[in-house]
Number of protein chains: 2
Amino acid sequence: MQISKGVEWAAHAAVLLSALPTGRGLKAEALARYHSVPGPYMAKQMQALSKAGIVQTARGKHGGYRLARPAGEITLWDIMTAIEGSKSAFTCTEIRQNGPCGATPEQCRKKCAIAAAFHAAEVAFRESLQAISLVEIAAGVAADSPRKHLRNVGAWLEKEAVAIG
Amino acid sequence: MQISKGVEWAAHAAVLLSALPTGRGLKAEALARYHSVPGPYMAKQMQALSKAGIVQTARGKHGGYRLARPAGEITLWDIMTAIEGSKSAFTCTEIRQNGPCGATPEQCRKKCAIAAAFHAAEVAFRESLQAISLVEIAAGVAADSPRKHLRNVGAWLEKEAVAIG
DNA sequence: CCATAATCGGACAATAAATATCCGAAATAG
DNA sequence: CTATTTCGGATATTTATTGTCCGATTATGG
Ligand code: SF4
Ligand code: SF4
């Protein structure tokens with residue numbers, strides 16, 4: 001039970017992109033430089049976001065990434081599943097079918113109490129993350145940062161942002 | 001985000017132990033044989049449960065494992081943390097302190113919106129698992145199994161169970 | 001239109017974690 | 001006391017994560 005750190009990076013990148021006006025974006029190298037993380041690995045996470053349809057891309061000289069839909073419609077769950085895949089965390093090996101008292105497959109049509117309990121916990125986890133969109137995150141970050149820092153970020157974005165059609 | 005399969009095995013073993021009367025237990029080899037899983041690896045999980053204080057052990061000729069407290073006071077969360085450790089799934093690298101717009105450590109005293117959201121989701125997950133004890137699991141399994149299967153299990157337990165002081 | 005430069009995309013190693021196994025330490029029975 | 005049986009921690013093997021590289025694709029500018 002360990003969430004890959006690529007999820008954190010992708011979340012940060014998405015929040016940063018959400019601060020840009022519609023139609024503008026950043027290239028992968030700039031996103032990596034902003035947080036001083038390894039460039040190629042940051043790019044890999046962005047590719048995952050792209051395949052999941054969370055960001056749109058443009059290749060070539062003026063390429064880069066921008067959000068594919070409004071920030072309010074992108075939740076942390078979307079980002080996490082884009083990076084980690086959406087298979088459930090608790091994988092059932094059906095060991096109750098093994099051994100001297102193994103149950104028959106017919107008896108295992110519905111999943112047992114253990115699997116059901118973990119599934120319920122995962123649902124709670126998912127719904128909690130689905131309730132938070134990039135808009136809430138960005139608002140929280142802005143509220144916690146001093147005015148001066150926000151100006152710095154704004155200036156940096158203005159310098160690095162590119163138009164993406 | 002993947003729950004180790006040792007958790008499933010440990011949960012099954014604990015449920016099986018909860019079916020025994022107080023003061024009786026099973027040895028690791030029997031627990032492994034019951035589900036046809038690799039013996040040494042099953043033993044490793046039982047050691048983790050032992051260190052966490054969930055089961056009591058006895059070594060020597062009539063050794064084995066038995067629950068250390070009533071089944072109603074052992075939750076799935078207890079078992080999962082015993083196997084996987086209790087560190088939080090989302091590990092924060094504090095990358096907001098890096099890069100051209102890095103925040104100072106003073107600005108990072110309280111954790112940011114991203115980390116807070118993941119923490120809240122983990123709390124929801126934990127509370128869901130903490131609400132389920134071995135008693136509920138055992139009742140669910142019993143309700144789903146035909147009478148004949150339960151008799152088989154009972155006979156097997158009677159044959160394998162040992163007294164543990 | 002074509003060569004060029006810059007960017008994303010997927011294939012490729014290095015590292016860390018989970019999985020499976022072994023042998024020694026401890027305790028009971030006789 | 002000694003033999004036997006069991007748990008306990010240290011040890012290999014396999015799998016997933018982390019990090020890196022080079023080729024495919026697109027706009028630019030002559
Ligand atoms: S469904 Fe339940 S009983 Fe069957 S293998 Fe999974 S956890 Fe065990
Ligand atoms: S606390 Fe928040 S801002 Fe800081 S590194 Fe973690 S996720 Fe990023």
Side-chain angles (χ1 to χ4, degrees), chain A residues 1-10 13 17 25-33 35-66 68 80 82-85 87 89-91 93 95 160-165, chain B residues 1-10 13 25-33 35-52 54-66 68 80 82-85 87 89-91 93 95 160-165:
Chain A
M1 177 83 162
Q2 192 66 18
I3 297 176
S4 140
K5 80 169 70 164
V7 173
E8 184 194 353
W9 299 358
L17 289 178
L26 291 166
K27 56 187 178 179
E29 181 272 332
L31 285 168
R33 185 155 35 85
H35 291 113
S36 302
V37 293
Y41 192 42
M42 180 80 245
K44 187 186 169 80
Q45 314 307 330
M46 295 311 293
Q47 285 167 29
L49 292 185
S50 171
K51 266 196 287 193
I54 294 173
V55 298
Q56 285 185 344
T57 65
R59 296 213 263 199
K61 188 152 188 174
H62 287 202
Y65 294 93
R66 72 175 181 86
M80 178 168 156
I83 305 296
E84 299 235 317
K87 65 184 180 305
F90 181 81
T91 51
T93 330
I95 60 177
E160 299 282 348
V162 295
I164 296 179
Chain B
M1 176 82 161
Q2 190 67 17
I3 295 176
S4 141
K5 81 170 68 163
V7 171
E8 183 194 354
W9 298 358
L26 291 167
K27 57 186 178 180
E29 182 272 332
L31 285 167
R33 184 155 35 84
H35 291 112
S36 300
V37 294
Y41 193 42
M42 180 79 245
K44 186 186 169 78
Q45 314 306 330
M46 295 311 293
Q47 286 168 29
L49 291 185
S50 171
K51 268 196 287 192
I54 293 173
V55 298
Q56 285 183 345
T57 66
R59 298 211 261 200
K61 188 154 189 174
H62 288 201
Y65 295 91
R66 72 176 182 85
M80 176 165 158
I83 305 296
E84 299 234 318
K87 65 185 181 305
F90 180 82
T91 50
T93 329
I95 59 176
E160 299 282 348
V162 294
I164 294 180

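Chain identifiers are assigned alphabetically (A, B, ...) following the order of the sequence lines, protein sequences preceding nucleic acid strands; residue numbering begins at 1 within each chain. The structure displayed is predicted, hence computed values, not measured ones.
Between B:A32 and B:G39 the shortest heavy-atom distance is CB-CA, 3.6 Å. The two residues B:G25 and B:I164 make their nearest non-hydrogen contact at CA-CD1, 3.9 Å. In terms of heavy atoms, B:A13 sits closest to B:M46 at CB-SD, 3.9 Å. Of all non-hydrogen atoms in A:L17 and A:Y65, the two that sit nearest each other are CD2-O, 3.6 Å. In plain terms, the two heavy atoms of A:Q45 and A:A10 that are nearest each other are CB-CB, 4.5 Å.
Each of B:G6 and A:A43 has a nearest nucleotide on DNA chain C; the 5'-most of these lies closest to A:A43. Projected onto DNA chain D by closest heavy-atom contact, B:K51 and B:K27 fall at different nucleotides, the more 5' of which corresponds to B:K27.
Distances shown here put a side-chain N or O of B:S4 below 4.0 Å from the OP1 or OP2 atom of C:dT19. In this model, the phosphate group of C:dG9 is approached by a side-chain N or O of A:S50 to a distance below 4.0 Å at OP1 or OP2. Applying the 4.0 Å criterion to OP1 and OP2 of D:dG8, one finds that B:T57 has a side-chain N or O inside that range. Between A:Y65 and C:dG9, a side-chain N or O to OP1/OP2 separation shorter than 4.0 Å is present.
Among the heavy atoms of the strands lying under 4.0 Å from A:K5 are primed sugar atoms or P, OP1, OP2 only; no base atom is included. Across all strands, B:A28 comes closer than 4.0 Å only to sugar-phosphate atoms, never to a base (heavy-atom distances). Within 4.0 Å (heavy atoms only), A:G64 reaches sugar-phosphate atoms of the nucleic acid but no base atom.
With respect to B:M1, the side chain to side chain contact (heavy atoms under 4.5 Å, CB included) criterion is satisfied by exactly one of A:K87, A:Q2, A:M80: A:M80.
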Legend entry - B/S/- contact track for nucleotides 22-30 of chain C, protein heavy atom under 4.0 Å: B---SB---
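Between A:E84 atom CD and D:dT18 atom C1' the separation is 13 Å, expressed in whole Å. We find that CD of B:Q47 is positioned 15 Å from P of C:dT21, with the value rounded to whole Å.
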